[in-house]
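Read the numbers this way: they start at 1 and go in the same order the structure lists the ligands and their atoms. Keep in mind the model is a prediction, meaning the values are calculated, not measured. Note: hydrogens, waters and symmetry copies are ignored here, and every other heavy atom, side chains too, is used.
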Amino acid sequence: MRVVIIGAGNVATVLGRRIKKAGHEILQVISRSQESAKVLAKELGCNASNNFADIDKTGELFLVAMSDAALNELKEKINVGDKLVVHTAGSVCKDVLKDVSVNYGTLYPLQSLRKENPDESIVIPILIDAINDYSIRIINDFAISISPIVSYTQDDQRLKLHVGAVLTSNFANHLYCLALEFCEKEKVDFKLLQPLIEETAARLKSQSPCDMQTGPAARKDVLTLDKHLRLLTAHPKLRTLYLRMTDSIMNP
Ligand SMILES: NC(=O)c1ccc[n+]([C@@H]2O[C@H](COP(=O)([O-])OP(=O)(O)OC[C@H]3O[C@@H](n4cnc5c(N)ncnc54)[C@H](OP(=O)(O)O)[C@@H]3O)[C@@H](O)[C@H]2O)c1
C-alpha cells in the first residue's frame, strides 16, 4: 500500500521500519517539527514535511502516530476525504478521526516501542478497529503484513488493555528504575538482580502471576518486613510505595 505517516516519534519510527520491510511504499512523513520529519523520512527513503497542507493525498493509508492530545486537533489540519486513516493510541476512541475521513479506524501496537531499539525480532501485537467493514478489511490485511498477532478490539476493550499495559510494562519498569536508584545509593550491584527479573517474567509463560507470588509480604513475614521498612526510612518515597505494595499483596 502507499502509506503516509503522520508523526515522527517512537511509534512512527518503529512501525515505519516494519511497514517498509513488509514492502509497502512510504510516500511521506509529516510531523510538527521539520527536523524530526526529516530524520525519519531519510531513514524510510521518502519525503518530509511539517506543513499539513502539503499532505500527499495519493496515499492509500494515513497512519497517525501523534501524541494523544494532538489527535483532537487533527481535524483542523487535514481532511483526506474517503482515504483510510488510522491512529495508534490505546485510550483514544476511533471517532476522533470522524472529521478527518469517511473511512477510519485504529491500529494500536500493544508493545513498548522506542525508536533507539532496532531489534526487528520484537513481537508487536496489533489491535485493530474501524468504522465500517470496508475499513476493517483493509486495516486487517495491512496489519497482518507487519505483525504475526492481529486482533479485532473495540474502543472499550482497547482502553482496558491499555490499562493492563500500563500496569505490566510502565509500572513494572518504574519499579526497576526505583530499584536501580536504590541499589546505586546503597552501593550494591543492581545487575545481580537481572536473573531474578528474567525468571519472574519467564514464569508468566506457563503460570498465573497470582499463584507465583513470593517474598516477605506473601509469607506475612513481619520481622523481615520491619527490617526493610527501617532501612527504607532513608528513602521516604520508596518506603510509602513499599507499604502500599505490601498491603496490596497481603490484602488481595
Ligand atoms: N511508544 C509506545 O510504546 C506506544 C505504544 C503504543 C501506542 N502508542 C501511542 O502512539 C502515539 C504516539 O506515541 P509515541 O510514543 O510515538 O510518541 P512520541 O515519541 O512522543 O511522538 C509523538 C509525535 O507526535 C507529534 N506531536 C506531538 N504533539 C503534537 C501536536 N500538538 N501537533 C502535531 N504533532 C504533535 C510529535 O511531533 P514532533 O516530533 O515533530 O515534535 C511526534 O512526532 C500515542 O498516541 C501513544 O499513546 C505509543
Using heavy-atom distances only, which candidate in Thr13, Asn10, Asn170 approaches atom 15 (O) of ligand 1 most closely? Asn10
Under a 3.5 Å cutoff, is there a donor and acceptor pairing between the side chains of His235 and Glu181? no
Evaluate the side-chain proximity of Phe142 to Leu107: yes if any heavy-atom separation is below 4.5 Å, no if none is. yes
May I ask which of Ser169, Ala165, Ala70, Pro109 has a heavy atom nearer to atom 29 (C) of ligand 1 than the others do? Ala70
Would you say ligand 1 has an N or O under 3.5 Å from any N or O of Ala12? no
Quick one: look up the protein heavy atom nearest atom 39 (O) of ligand 1 and list residue, atom name and how far away it is. Ser36 OG, 3.0 Å
Among all the protein's non-hydrogen atoms, which is closest to atom 44 (C) of ligand 1, and how far away is it? Asp68 OD1, 3.2 Å
Test item: protein heavy atom less than 4.0 Å from atom 24 (O) of ligand 1: yes
List the closest protein heavy-atom neighbour of atom 9 (C) of ligand 1: residue, atom name, distance to the nearest 0.1 Å. Thr88 O, 3.4 Å
Are any of the N/O atoms on Tyr108, whether in the backbone or the side chain, positioned under 3.5 angstrom from an N/O atom of ligand 1? no
Name the closest protein heavy atom to atom 4 (C) of ligand 1, giving the residue it belongs to and the distance to 0.1 Å. Val11 CG2, 3.4 Å
Candidate with minimal heavy-atom separation from atom 1 (N) of ligand 1, of Ile6, Ile5, Leu113: Leu113
